[in-house]
Colleague: 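Below are the structure tokens for one structure; questions will follow.
For clarity, every value in this text was computed on a predicted model and none was experimentally measured.
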Amino acid sequence: MEKIQVLVNGEPVSCEAGTTLHKLSRLCKGKRISRDAIVAKVDGVVKELYHTVAEPCKIRFCTYEDMEGKKAYVRGLTMIMLKAFYKEVPKEQFQKITLENSLDSGYYCTFSGSAEITEELLARVDARMRKYVEKDEAFEKKSVSLEKALQLFDERKMYDKSNLLKYRRSSKVNIYKLGKVIDYFYGPMPYSTGALKQFRLEKFDRGFVFVVPRSGTPDVLPEFSPSMKLHRTITETSEWGVRLGVENVGQLNDVIVNGGMRELMLVQEALHEKRIGDIAEKIAASGNTKIVTIAGPSSSGKTTFSYRLSAQLKTLGLRPHPIGLDDYFVNRIDTPKLQDGSYNYECIEAIDVKQFNEDLEKLLNGEAVQLPTYNFITGMREYNKPLMKLAADEVLVIEGIHGLNDKLTEKIPAKNKFKIYISALTTLNIDEHNRIPTSDGRLLRRIIRDARTRGHTAQMSIAMWKSVRNGESENIFPFQEKADAMFNSSLVYELSALKQYAEPLLFRVPRDSNEYAESQRLLKFLDYFLGINPEEVPLNSIIREFIGGGILLG
């Protein structure tokens with residue numbers, strides 16, 4: 001057999017042409033990779049391990065510690081779980097299982113059918129799943145015609161999948177088999193069940209969760225400690241989708257082709273406005289609130305939300321006054337630095353917390369204060385604003401990533417503060433077994449906004465995303481349960497509107513770049529959605545913060 005040279009995780013390896021990536025990963029385990037490979041990147045393109053190596057190439061095996069590896073791990077575990085449920089629950093008592101959303105260290109699932117989700121049932125399912133893992137059964141990928149796929153899923157009453165696939169333009173569809181179980185999954189799958197050893201099933205709320213290791217600790221199953229406020233917010237939004245009849249992408253596409261998008265937009269925006277109004281009423285009813293802080297991860301729509309909240313507060317007789325947290329940056333020379341020597345503007349130490357609290361205290365005591373302005377060119381704070389005095393009916397509205405951290409307003413009594421957490425918590429599913437990660441919607445929002453307002457390429461936005469997510473995990477997510485109110489800024493129709501803006505930007509990502517694989521994944525994801533005319537998006541919609549043309553931000 002012909003020998004070829006490949007680079008595996010940066011080191012040269014000789015192998016026979018036609019060697020599978022799975023076999024190559026086994027040969028390299030313990031030498032160039034530390035644990036089981038789940039998928040691989042071949043010249044930057046994510047491949048499943050059944051693929052063969054035909055010519056010299058660069059290979060990076062992805063384990064659970066890599067984003068691509070963990071996503072494939074969860075997909076594979078989902079299929080094992082479904083197969084175990086099919087065996088443990090009588091057919092006449094089983095309707096469907098829906099993978100709803102990620103929550104803390106687990107994935108929340110709901111069950112439909114006459115059977116009851118009990119600890120005893122979950123223990124049986126768990127035990128059967130472990131038998132499948134021990135058996136090390138291969139996931140089989142088959143390419144079938146679109147017509148055949150529609151027939152297969154209709155026969156199994158998996159109408160969410162056949163409804164999704166009827167909008168696909170491709171004449172072929174990839175389906176997966178695990179024994180006699182057939183399913184469709186968005187994204188590559190593991191080679192076999194044997195690599196999916198770490199999991200735990202727990203009863204939770206109206207369904208259950210399957211818990212998996214956190215990134216960085218692949219051999220440890222953590223405690224499941226969900227934010228109940230976050231869970232209730234997601235559940236409320238999911239119930240909106242049920243009432244609107246739009247729980248998955250296939251149903252959204254149905255609305256588009258049947259001419260119902262304008263009504264759907266208006267109802268969704270009305271639901272947003274009602275929720276914002278409810279939060280404003282809660283602030284006004286307290287009678288003591290003088291400071292409202294708004295915090296959330298990147299591309300949540302914080303700025304538009306603050307404008308719309310301010311409008312609602314005005315209808316209740318309050319006068320909101322915005323304060324820019326960025327104006328309280330310490331002078332650049334005093335800003336903490338990251339390991340690479342760059343300035344860390346995202347840590348709370350980059351804010352002059354002492355001065356911020358002193359100014360807030362004076363304002364609450366009725367004193368006049370001259371607020372600073374941060375000069376981003378000189379890196380210095382300047383004082384050129386007129387004196388400010390807080391009137392009895394005025395409320396300070398502060399938007400910033402540290403808004404939920406008590407350290408930011410440590411000198412202010414709790415009765416005078418109202419903290420709001422905002423995020424784009426996507427509850428629309430691709431289908432019942434394929435969820436849409438919340439971070440995907442936010443990343444697409446950011447790519448579009450930064451291209452429009454900052455001149456950034458999609459490649460630049462994708463490259464920065466990991467650092468952005470790390471900052472969120474450190475500075476925002478640990479404090480989200482401290483919020484007095486949560487607002488979900490996602491809109492069920494938004495990805496159909498964002499599609500037109502995102503696709504041209506993603507197609508420009510160079511094939512030889514590290515960001516190419518992610519751009520291709522996002523393009524494939526957007527291909528599920530039918531596009532809509534973005535001009536029909538209401539002018540005060542949060543989506544306008546990203547695509548432009550709105551009446552609040554322009």
Side-chain angles (χ1 to χ4, degrees), residues 67 70-71 101-105 214-215 226-234 236-237 272 275-276 279 292-309 324-326 338 344-348 350-351 397-408 419-428 435-450 453-454 456 458 460-491 494-495 498 502 518 522 542-546 553:
M67 176 183 68
K70 182 176 180 179
K71 287 182 177 180
N101 53 268
S102 62
L103 190 65
D104 188 49
S105 56
R214 299 188 193 279
S215 299
S227 163
M228 292 309 296
K229 289 181 182 178
L230 186 69
H231 177 62
R232 285 193 293 269
T233 301
I234 296 173
E236 178 188 67
T237 312
H272 262 195
R275 178 62 181 139
I276 295 171
I279 294 172
V292 176
T293 60
I294 302 169
S298 174
S299 304
S300 293
K302 294 183 288 292
T303 305
T304 300
F305 173 80
S306 67
Y307 277 113
R308 290 174 64 172
L309 178 66
L325 199 55
D326 287 359
L338 297 168
N344 184 0
Y345 288 109
E346 302 216 343
C347 65
I348 197 166
I351 304 292
V397 178
I398 302 163
E399 176 203 325
I401 65 171
H402 302 291
L404 303 180
N405 188 342
D406 286 328
K407 186 177 179 181
L408 178 70
K419 293 178 284 190
I420 302 171
Y421 175 74
I422 175 175
S423 187
L425 304 166
T426 307
T427 56
L428 185 76
R435 53 179 289 274
I436 297 175
T438 289
S439 57
D440 279 1
R442 291 195 294 113
L443 175 55
L444 288 166
R445 284 180 173 190
R446 185 181 175 107
I447 287 170
I448 294 163
R449 181 201 63 195
D450 286 3
T453 64
R454 302 178 185 180
H456 288 183
M460 292 167 64
S461 296
I462 293 170
M464 290 187 292
W465 192 236
K466 183 178 180 180
S467 175
V468 170
R469 297 291 309 279
N470 289 340
E472 294 167 353
S473 296
E474 184 177 343
N475 298 309
I476 300 174
F477 298 146
F479 306 102
Q480 61 190 16
E481 195 67 11
K482 293 179 178 290
D484 297 297
M486 288 190 174
F487 179 75
N488 186 356
S489 70
S490 72
L491 290 153
E494 71 175 82
L495 289 164
L498 296 178
E518 180 68 351
L522 290 170
I542 278 176
I543 300 306
R544 288 289 180 182
E545 184 171 327
F546 307 96
L553 300 176

Colleague: Start with the C-alpha distance between Glu545 and Arg445, add both sets of side-chain angles, then the distance that settles salt bridge (Lys or Arg N to Asp or Glu O under 4.0 Å), and finish with yes or no.
Modeller: CA-CA 9 Å; Glu545 184 171 327; Arg445 284 180 173 190; over 6 Å; no

Colleague: Give a yes or no on whether the backbone of Ile447 and the side-chain of Ser461 come within a donor-acceptor separation of less than 3.5 Å.
Modeller: no

Colleague: Could you please spell out the steps behind the side chain to side chain contact (heavy atoms under 4.5 Å, CB included) verdict for Trp465 and Arg446?
Modeller: CA-CA 9 Å; Trp465 192 236; Arg446 185 181 175 107; 3.6 Å; yes

Colleague: Just how far is it from atom OH of Tyr421 to atom OG1 of Thr293, taken to the nearest 0.5 Å?
Modeller: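 Separation between the atoms: 13.5 Å.
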
Colleague: Might you work through the side chain to side chain contact (heavy atoms under 4.5 Å, CB included) test for Asn475 and Asn405, ending with a clear yes or no?
Modeller: CA-CA 8 Å; Asn475 298 309; Asn405 188 342; over 6 Å; no

Colleague: Under 4.0 Å between a side-chain nitrogen and a carboxylate oxygen: does that hold for Glu472 and Arg442?
Modeller: yes

Colleague: Determine the sole option in Thr304, Ile448, Leu491 for which the side-chain contact (heavy atoms from CB on, under 4.5 Å) test with Ile543 is passed.
Modeller: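 Among the candidates, only Leu491 passes.
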
Colleague: Could Asp104 and Arg214 be called an ion pair, given the rule that one side-chain N must be under 4.0 Å from one carboxylate O?
Modeller: yes

Colleague: Got a second to check how far Met486's CE is from Thr237's OG1, nearest 0.5 Å?
Modeller: 11.5 Å

Colleague: Tell me every residue that passes side chain to side chain contact (heavy atoms under 4.5 Å, CB included) with Asn344, counting only those two or more places apart in sequence or in another chain.
Modeller: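 With neighbours one apart ignored, the set is Leu338, Glu346, Cys347.
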
Colleague: What is the distance from atom CG of Leu522 to atom CG of Leu498, rounded to the nearest 0.5 Å?
Modeller: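 With rounding to 0.5 Å, CG (Leu522) is 11.5 Å from CG (Leu498).
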
Colleague: Just how far is it from atom CZ of Phe487 to atom NE2 of His272, taken to the nearest 0.5 Å?
Modeller: 4.0 Å

